[in-house]
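Below, chains carry the letters A, B, ... as their sequence lines are ordered, and counting in each starts from 1.
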Number of protein chains: 2
Amino acid sequence: MFVYYAHREPRAEGEAVPRPSSPILSADRIADAAIALVDAGKAFGVNALARELGVTPSSLYNHVEGRDAIVELMRGRLAVRAAISVPDGLAWDAVVAYVVRSQRAMFAEHPLVLPLLVGKPVTDVTVLGYYEALAEALLSAGFPDDEVLVIVAVLDAFALGSGLDLSAPPEVWQAEPGSALGRLVAGGEPGQVRADRAFDLGVDLLLASLRARLAGA
Amino acid sequence: MFVYYAHREPRAEGEAVPRPSSPILSADRIADAAIALVDAGKAFGVNALARELGVTPSSLYNHVEGRDAIVELMRGRLAVRAAISVPDGLAWDAVVAYVVRSQRAMFAEHPLVLPLLVGKPVTDVTVLGYYEALAEALLSAGFPDDEVLVIVAVLDAFALGSGLDLSAPPEVWQAEPGSALGRLVAGGEPGQVRADRAFDLGVDLLLASLRARLAGA
DNA sequence: ACCTGAACACCGTTCAAGT
DNA sequence: ACCTGAACACCGTTCAAGT
């Protein structure tokens with residue numbers, strides 16, 4: 001739906017030079033600044049972003065189709081920066097673990113960005129590549145066609161939910177002292193550590209069952 | 001942090017009656033209208049909400065402490081309306097399945113509300129009750145103290161991620177025709193059906209592994 | 001081509017005034 | 001006690017003007 005400018009080509013010798021002599025902005029620079037803004041805990045907004053870039057809000061519209069387009073650019077930049085490439089020769093379950101862990105690591109580095117992305121369609125080609133890698137691994141494992149996509153959805157839901165764990169405040173559950181939950185929260189590890197352990201455990205649990213399912217069929 | 005007015009007590013006989021003779025608004029009525037607004041696919045906002053209620057935006061501030069407080073009220077109303085009460089005498093894994101399924105059903109009825117809630121602390125007592133029920137079931141099953149909270153976090157992450165699946169557009173993955181993913185998406189069930197199947201499968205996979213883990217220890 | 005500055009409709013919030 | 005209406009600072013977006 002949204003189309004934004006591609007990167008500028010390096011200017012040819014003697015080509016007419018507009019002002020400013022070299023452009024201040026680009027789609028990538030805007031996306032990177034937006035990520036930095038949100039990472040810093042500030043509220044995302046076109047005006048705040050322009051301020052951060054030392055530029056007028058309307059300038060951004062030369063490079064980007066508005067607020068929503070910037071958010072989609074952020075998703076793309078995160079994916080490109082994470083640059084997940086699955087090593088060759090891994091067994092299917094190792095591939096699944098690798099991709100899911102990489103995705104979660106990407107979220108973990110920018111936890112505050114994640115809430116901006118939820119509920120929007122995924123069109124970014126890099127992100128789709130991750131799902132493709134998962135699908136191919138599961139197909140090679142021998143899962144039937146009509147199950148593969150369902151399993152990908154399970155893994156995706158878990159990775160997303162685990163990532164959102166990190167964008168919540170350190171103690172998500174403000175439990176009452178008298179409750180079992182309250183006792184466990186008080187006696188247990190801090191929320192961040194627990195979130196990490198929960199992610200690892202969840203991956204283990206899911207993979208164990210998937211292996212069993214494959215063996216049983 | 002935010003404090004909002006409690007429900008009005010029924011007025012005593014002969015008590016002075018202010019205008020309007022019976023109040024138009026209440027915290028619950030505001031929250032319900034907000035949920036209805038978002039369910040209808042319209043963007044959430046104080047002004048839009050006031051318009052829907054046939055009232056001036058500033059009126060809302062007599063009952064509610066602003067935009068964020070309204071969102072937290074929405075979470076509470078969803079939980080109260082869902083009114084999850086776990087039947088007595090269920091085995092621990094049945095309790096877990098029941099609670100997680102109920103949570104997801106709650107999300108499924110109001111998928112567009114969910115993105116508003118993510119990344120904010122959970123203080124609502126009804127919602128905390130669900131986590132409490134999970135924790136108690138896992139403790140009774142014999143899971144060690146330091147694992148229970150981690151398992152609750154796993155289940156929560158999965159339920160949340162699965163709920164968000166539903167707030168995304170029908171086809172989340174805009175995959176290319178040539179890819180394995182594209183072939184599966186084209187040949188498979190629609191996104192909504194797949195999301196349901198994925199949730200069921202995920203619960204099964206997680207519970208199967210948890211049972212095995214308990215037996216193995 | 002790229003940025004500025006003025007303008008617009010709209011947002012969330014405050015507060016004095018009305019009943 | 002509860003709602004209105006005016007006011008404020010701010011938001012996202014458009015567009016003519018400058019270089």
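- One interatomic measurement links the two molecules: CD1 of B:I70 to P of C:dC11, which rounds to 13 Å at whole-angstrom precision.
- Between A:N47 and D:dC10 there is no side-chain polar atom (N or O) within less than 4.0 angstrom of OP1 or OP2.
- Checking C:dC2 for Watson-Crick or G-U wobble geometry (two distances, each under 3.5 Å) identifies D:dG18 as its partner.
- For the atom pair CD1 (A:I35) and CD1 (A:I70), the distance works out to 11.5 Å, reported to the nearest 0.5 Å.
- Using a distance-only test at 3.5 Å, with no hydrogens or angles considered, a donor-acceptor pair links the side chain of A:N62 to the main chain of A:S59.
- As rounded to whole Å, 13 Å separates atom C1' of D:dC10 from atom CZ of A:R67.
- Comparing A:S59 and A:V46 by the nucleotide of DNA chain D whose heavy atom lies nearest to each, the residue mapping closer to the 5' end is A:V46.
- Atom CG of B:D68 is separated from atom P of C:dG12 by 11 Å (rounded to the nearest Å).
- Rounded to whole angstrom, the span from the CG atom of B:N62 across to the P atom of C:dG12 amounts to 17 Å.
- Partner assigned to D:dC11 is none, using Watson-Crick or G-U wobble distances below 3.5 angstrom.
- Comparing C:dC3, C:dT13, D:dG5 by their nearest atom to the side chain of B:Y61 picks out C:dT13.
- To the nearest angstrom, C1' of D:dC2 lies 12 Å from CG of B:L60.
- Judged by distance alone, the side chain of B:S179 and the main-chain N or O of B:G182 form a donor-acceptor pair under 3.5 Å.
- In this structure, B:L49 atom CG and C:dC11 atom P are separated by 12 Å, rounded to whole Å.
- In this structure, A:R29 does not reach the C:dC2 phosphate: none of its side-chain N or O atoms is under 4.0 Å from OP1 or OP2.
- Note on A:R51: a side-chain N or O is less than 4.0 Å away from OP1 or OP2 of D:dC11.
- Closest to the B:S58 side chain, of the nucleotides D:dT13, C:dT4, D:dT4, is D:dT4.
- Note on A:E109 versus A:R81: no salt bridge recorded, every NZ/NE/NH1/NH2 to OD/OE distance being 4.0 Å or above.
- A salt bridge between B:R104 and B:D200 is absent, with no side-chain N of the basic residue lying under 4.0 Å from a carboxylate O of the acidic one.
- Nearest nucleotide to the side chain of A:H63, out of C:dA6, C:dG12, C:dC3: C:dC3.
- Of the candidates C:dC3, D:dG5, C:dT13, C:dC3 carries the atom nearest the A:V55 side chain, counting heavy atoms from C-beta on.
- Distance from the side chain of B:P57 is smallest to C:dT13 among D:dT4, C:dT13, D:dT13.
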